[in-house]
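Have a look at the structure below, then the notes.
Every heavy atom of this structure was used, including side-chain atoms; hydrogens, water molecules and symmetry mates were not. Predicted model, so just to flag it, every value in this text is computed and none were measured. Here is how names work: the chains are called A, B, and so on, in the same order as the sequence lines, proteins then strands, and each is numbered from 1.
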Amino acid sequence: MPGVVVVQLPDGSSKELPRGATALDLAESIGRRLAKDAVAARLDGREVDLSTELPDGAVVSIVTSSSEEGRAVLRHSSAHVLAQAVLRLWPGAHYAIGPVIENGFYYDFELPGGASFSDDDLVRIEAVMREIMAEDQPFIRHEHTIEEGLELFDDQPFKVEIIEAVGAGSEEVDADPNAPDAVVSTYWNAPTFTDLCRGPHVPATSRLGHFKLMRVAGAYWRGDEHRPQLQRIYGTAFESEKALAEHLERLEEAERRDHRKLGAELDLFSFPEEIGSGLAVFHPKGGTIRRLMEDYSRQRHVEAGYEFVNSPHISKAQLFETSGHLGWFADGMFPPMELDGGQQYYLKPMNCPFHILIFKARQRSYRELPMRLFEFGTVYRYEKSGVVHGLTRVRGMTQDDAHIFCSREQMAAELDSLLTFVLDLLGQFGLDDFYLELSTRPPGKAVGSEEDWEEATATLEAVARSRDLEMVLDEGGGAFYGPKISVQARDAIGRTHQMSTIQLDFQEPQRFEMEYIGADNVRHRPIMIHRALFGSIERFMAILIEHYAGALPTWLSPEQVRVLPVRDDHADYAYKLLDELKAAGVRASVDSASEPLGARIRRARHLEKLPYVLVVGDDDVAAATVGVNRRGESSPERGVAFADFLEDLLVEVAERATTTLAGARDQAR
RNA sequence: GCCUGGGUAGCUCAGUCGGUAGAGCAGCGCACUCGUAAUGCGCAGGUCAGGAGUUCGAAUCUCCUCCCAGGCUCCA
């Protein structure tokens with residue numbers, strides 16, 4: 001039919017429009033509200049500008065600003081405005097790439113004379129960005145040949161490199177299929193700014209505005225530390241001021257939960273400068289949490305058939321030559337010490353070689369397999385100075401490390417029961433929202449044959465897939481000796497953390513020439529599984545602190561109950577309760593009446609985040625009761641029989657009950 | 001390791017133009033004895049991260065080192 005086109009909408013219905021109608025015309029024909037929220041369109045699966053003409057028969061959906069896809073368009077367009085603002089302020093600057101990332105965007109620049117941005121510059125740049133938005137510049141798409149593109153950007157070396165990559169076919173091309181010669185596209189903003197871009201973009205800069213520049217950072221061109229370091233500006237943008245404010249509030253919430261801050265406030269651990277970067281000491285309260293975590297882990301490992309071993313912190317270089325660590329992991333190790341006339345010793349970066357030597361201490365029979373050797377093994381890794389971070393990235397850490405030696409036939413079943421064990425143990429700590437990540441062969445730094453890697457990877461994948469869990473692939477992320485499954489957990493505010501790792505290893509048994517005698521009376525080589533469930537105790541504690549915002553479940557709290565006598569003459573009763581609590585194994589103390597009750601309540605409940613605060617006064621002394629303040633509840637329960645309180649408490653601790661997330665959230669404020 | 005920003009009392013921070021350092025909280029002492037989110041008064045607390053330099057004089061200006069934060073790279 002001449003003069004009209006018919007397009008199909010996502011709900012299956014179709015719409016007739018005059019020929020030449022654009023995606024924006026379509027949105028307007030559907031509703032004013034939709035047209036107002038529209039930022040781009042999806043045409044036959046491809047994201048396009050709203051100004052795109054719709055061909056007859058197309059399947060079209062409108063991308064709105066409040067969808068994740070729409071926000072990405074807003075952020076990408078904001079990145080262009082950022083680049084334009086920087087070029088206004090620093091004429092002659094080179095601009096590199098400005099992609100959308102989770103919750104925001106960035107743009108990388110090289111400033112004239114190697115200058116760098118300061119925090120104050122962000123304010124100036126934001127002001128210019130607002131001017132550009134007020135100018136309501138349209139984003140206009142153009143298509144060019146490679147040659148035209150190279151000419152257009154001849155003073156922009158990073159753009160030239162990208163266009164050349166497109167020309168060489170190593171960069172993805174997404175130009176208009178109806179213009180076969182035009183293989184690079186640009187977006188033009190009046191009057192002077194053009195950027196290389198696939199699009200789509202919002203129709204004009206006035207559609208933007210709810211944004212904030214977050215920080216500056218150095219970043220290597222193309223992520224390669226041997227290439228020039230550029231200046232990166234991070235920003236974020238949303239569809240409304242409200243959504244932006246909510247995002248900033250989430251960031252503040254994460255800051256309130258930061259384990260480094262809570263660790264100091266709750267007196268759990270510190271990093272004395274005198275010791276060195278990335279080396280923590282645990283204070284009595286932090287030490288108590290650690291002990292509780294370790295005790296529970298020990299108990300579970302005994303139940304799961306593990307045997308407990310111990311190994312030293314240093315060893316001769318030869319051990320790590322044999323294991324391959326000095327060949328593949330030397331950068332991550334502390335430099336050697338020379339002892340005994342030139343003999344080199346290293347601090348251990350991993351426990352596996354030691355456990356292998358335990359296996360090798362005598363001849364082994366198939367009857368001993370699977371052999372599961374467990375150790376809280378403290379290892380030292382030379383992390384580069386810029387990467388240490390609280391307890392999550394340190395130079396000395398203790399792993400809940402075990403190595404399982406088994407036959408090939410036992411491998412799949414062993415991995416399967418291991419995964420069950422891991423998920424259950426993490427669940428006991430209140431982490432129960434998981435997904436799995438499968439890391440495969442790291443190209444260029446892996447030992448062993450392709451076939452072994454393939455078999456190991458396939459086995460891990462089969463075990464992982466048998467779970468009703470989401471699984472993502474981490475191509476090339478394995479260790480040098482084998483592929484791994486890692487368990488990723490989502491915490492109370494939706495962040496994900498790498499927790500447990502399970503690694504399959506055919507290599508080390510070979511390098512160490514490990515053997516066992518099979519039922520057939522011939523020598524066989526065992527398979528080795530490396531696994532750490534907490535990962536490191538330090539990191540796991542950090543994640544728990546952040547997950548619970550410092551308000552740990554009662555069973556893990558360094559102090560579970562504090563008794564507050566209203567006046568000094570209630571102190572005898574308070575100390576009597578304390579004795580009974582301690583006799584029952586409860587971690588408790590008394591805070592005497594030298595300060596007003598309100599101050600003591602505030603300190604115990606709101607600063608130290610204790611699960612229970614008992615207030616005892618005249619009524620309680622008379623009736624053997626207590627006033628119970630439960631963490632997360634706004635008002636106390638008066639007149640509870642002490643015996644009932646203690647009984648409930650002991651049940652809660654025995655069950656390892658976890659504080660509700662709602663309670664933990666309230667405590668964070 | 002690299003980029004940017006930092007380091008002042010146990011903690012959070014102020015400190016003007018280069019003129020020898022201040023607050024709140026915490027700590028200690030005394031008083032107060034109180035039923036639910038900070039009782040009052042007093043005292044003590046500092047090699048201004050460390051070192052070198054410029055200067056009559058440096059928390060302040062310059063350089064080096066250490067440590068921290070946010071990134072990059074890397075990773076449990």
Check: Tyr234(A) near the nucleic acid: base, sugar-phosphate alone, or nothing, with a heavy-atom cut-off under 4.0 Å?
Finding: sugar-phosphate
Item checked: Complement of G53(B), any strand, by Watson-Crick or G-U distances under 3.5 angstrom -> C61(B)
Next item on the list: Using Watson-Crick or G-U wobble geometry with both distances below 3.5 Å, tell me the partner of C74(B), or none.
Entry: none
Next item on the list: Among residues two or more places apart or on two chains, list those pairs meeting salt bridge (Lys or Arg N to Asp or Glu O under 4.0 Å) that have a residue in residues 388-400 of chain A.
Entry: Glu383(A)-Arg393(A)
Note to self: Using side-chain heavy atoms (C-beta onward) and a distance below 4.5 Å, is Gln507(A) in contact with Met528(A)?
What the structure shows: no
Check: Taking only residues two or more places apart in sequence or in another chain, which ones pass side chain to side chain contact (heavy atoms under 4.5 Å, CB included) with Leu347(A)?
Finding: Ile314(A), Phe334(A), Met337(A), Tyr380(A)
Note to self: Tell me whether the side-chain N/O atoms of Arg260(A) come closer than 4.0 Å to OP1 or OP2 in A69(B).
What the structure shows: yes
Checklist line | Any Lys384(A) side-chain N or O less than 4.0 Å from OP1/OP2 of C75(B) | finding: no
Notebook entry, point to check: Pairs in or reaching into residues 615-624 of chain A: which pass salt bridge (Lys or Arg N to Asp or Glu O under 4.0 Å), with residues at least two apart or in two chains?
Noted result: Arg567(A)-Asp618(A), Asp619(A)-Arg638(A)
Item checked: Same-atom distance (C1') from G42(B) to U55(B), integer angstrom -> 42 Å
Notebook entry, point to check: Checking all strands, does Asp619(A) fall into the base, sugar-phosphate, or nothing category for heavy-atom contacts under 4.0 angstrom?
Noted result: base
Note to self: Using atom C1' in both nucleotides, what's the gap between U20(B) and A58(B) to the nearest angstrom?
What the structure shows: 10 Å
Notebook entry, point to check: So what does Glu538(A) hit on the nucleic acid, given a heavy-atom distance under 4.0 Å: a base, only sugar-phosphate, or nothing?
Noted result: nothing
Item checked: Contacts of Arg300(A) that satisfy side chain to side chain contact (heavy atoms under 4.5 Å, CB included) - sequence neighbours left out -> Tyr296(A), Glu303(A), Phe421(A), Asp424(A), Leu425(A), Gln428(A)
Margin query: Can you check the distance between A23(B) and U8(B), where both ends of the measurement are the C1' atom (answer in whole Å)?
Written below: 13 Å
Check: With ring centroids as reference points, do Tyr234(A) and Tyr107(A) lie under 6.0 angstrom apart?
Finding: no
Margin query: Angle between ring planes, Phe117(A) versus Phe109(A), binned at 30° and 60°: parallel, tilted or perpendicular?
Written below: perpendicular
Notebook entry, point to check: According to a strict under-4.0 Å criterion, is His389(A) in side-chain N/O contact with OP1 or OP2 of G70(B)?
Noted result: yes
Next item on the list: Among C34(B), C75(B), C72(B), find the nucleotide with the atom closest to the side chain of Arg539(A).
Entry: C75(B)
Notebook entry, point to check: For residues 530-552 of chain A, which residue pairs qualify under salt bridge (Lys or Arg N to Asp or Glu O under 4.0 Å), counting only residues two or more places apart or in two chains?
Noted result: Arg290(A)-Glu538(A), Arg495(A)-Glu546(A)
Check: Which part of the nucleic acid, if any, lies within reach of Val394(A) when heavy atoms closer than 4.0 Å are counted: base, sugar-phosphate only, or nothing?
Finding: base
Margin query: Return the pairing partner of G22(B) with a 3.5 Å limit on both distances, Watson-Crick or G-U wobble; otherwise return none.
Written below: C13(B)
Checklist line | No-H, no-angle donor-acceptor pair, Asp620(A) side chain to G35(B) base, under 3.5 Å | finding: yes
Note to self: I'd like the P distance from U60(B) over to G19(B), given in whole Å.
What the structure shows: 11 Å
Note to self: Taking only the P atom of each, what is the distance from G71(B) to U39(B) in whole angstrom?
What the structure shows: 39 Å
Check: Taking OP1 and OP2 of C34(B), is either one under 4.0 Å from a side-chain nitrogen or oxygen of Arg567(A)?
Finding: yes
Next item on the list: Tell me which of Arg381(A) and Asp258(A) sits closer to the 5' end of RNA chain B, going by the nucleotide each one is nearest to.
Entry: Asp258(A)
Checklist line | Polar pair under 3.5 Å, donor/acceptor by atom type, side chain Arg393(A), base C74(B) | finding: yes
Notebook entry, point to check: What pairs with Asp474(A) under side chain to side chain donor-acceptor pair (under 3.5 Å), at least two apart in sequence or on another chain?
Noted result: Ser439(A)
Check: In the strands shown, is U47(B) matched to any nucleotide by a Watson-Crick or G-U wobble pair with both distances under 3.5 Å, and which?
Finding: none
Next item on the list: Would you indicate what Lys484(A) reaches in the nucleic acid, counting non-hydrogen atoms under 4.0 angstrom: base, sugar-phosphate, or nothing?
Entry: sugar-phosphate
Next item on the list: Calculate, to the nearest 0.5 Å, the distance between atoms CZ and CD1 belonging to Arg260(A) and Ile545(A) respectively.
Entry: 12.0 Å
Check: Residues in ring pair (Phe, Tyr, Trp, His ring centres under 6.0 Å) with Phe308(A), at least two apart?
Finding: Phe374(A)
Next item on the list: Could you check whether Phe117(A) gets within reach of a base, just the sugar-phosphate, or nothing at all, counting any heavy atom under 4.0 Å?
Entry: sugar-phosphate
Check: Choosing from G70(B), A76(B), C72(B), which nucleotide comes nearest the side chain of Arg215(A)?
Finding: G70(B)
Check: Using a heavy-atom distance cut-off of less than 4.0 Å, which residues of residues 92-105 of chain A contact RNA chain B?
Finding: none
Check: Is C41(B) paired to anything, Watson-Crick or G-U wobble with both distances less than 3.5 Å, and if yes, which nucleotide?
Finding: G29(B)
Notebook entry, point to check: Going by the salt bridge (Lys or Arg N to Asp or Glu O under 4.0 Å) test, which pairs reach into residues 100-111 of chain A, not counting sequence neighbours?
Noted result: Asp108(A)-Arg232(A)
Distances under 3.5 Å between protein N/O atoms and the N/O atoms of nucleotides 64-66 of chain B, please, pair by pair.
none

Check: In terms of side-chain heavy atoms of Val566(A), which of C72(B), C34(B), A76(B) is nearest?
Finding: C34(B)
Notebook entry, point to check: Closest to the Ala217(A) side chain: G71(B), U33(B), G1(B)?
Noted result: G71(B)
Margin query: Just to verify, what does Glu161(A) make a salt bridge (charged side-chain N to carboxylate O under 4.0 Å, His left out) with, not counting sequence neighbours?
Written below: Arg227(A)
Note to self: Distance check, P atoms only: G51(B) and C41(B), in whole angstrom units.
What the structure shows: 39 Å
Next item on the list: Check every strand shown and say whether Asp331(A) touches a base, only sugar-phosphate, or nothing at a heavy-atom separation below 4.0 Å.
Entry: nothing
Notebook entry, point to check: Are any non-hydrogen side-chain atoms of Val590(A) and Pro565(A) less than 4.5 angstrom apart?
Noted result: yes
Next item on the list: Give the nucleotide from the list U36(B), C72(B), A76(B) with an atom nearest to the side chain of Leu597(A).
Entry: U36(B)
Note to self: Rounding to an integer number of angstrom, what distance separates G22(B) and C56(B) when you compare their C1' atoms?
What the structure shows: 26 Å
Next item on the list: Return the 5'-most residue of the pair Gln231(A), Val616(A) with respect to RNA chain B, ranking by each residue's nearest nucleotide.
Entry: Gln231(A)
Item checked: Note, Met471(A) side chain near Tyr435(A) side chain (heavy atom, < 4.5 Å) -> no
Margin query: So, does Tyr220(A) get its side chain near the phosphate of G1(B), meaning an N or O under 4.0 Å from OP1 or OP2?
Written below: no
Notebook entry, point to check: Think Ser385(A) has a side-chain N or O under 4.0 angstrom from the OP1 or OP2 of G1(B)?
Noted result: yes
Next item on the list: For G1(B), take OP1 and OP2 only and decide whether either is under 4.0 Å from a side-chain N or O of Tyr382(A).
Entry: yes
Margin query: With rounding to the closest Å, how many angstrom separate the C1' atoms on U36(B) and C30(B)?
Written below: 26 Å
Check: So does Arg603(A) get a side-chain nitrogen or oxygen closer than 4.0 Å to the phosphate oxygens (OP1/OP2) of U36(B)?
Finding: no
Next item on the list: Return yes if the base of A76(B) and the side-chain atoms of Glu383(A) contain a donor-acceptor N/O pair under 3.5 Å, otherwise no.
Entry: yes
Would you tabulate the nitrogen or oxygen pairs shorter than 3.5 Å linking the protein to nucleotides 38-41 of chain B?
unit_1	atom_1	unit_2	atom_2	d
A38(B)	N6	Arg602(A)	NH2	2.8
A38(B)	N1	Arg602(A)	NH2	3.0
A38(B)	N3	Arg602(A)	NH1	3.3

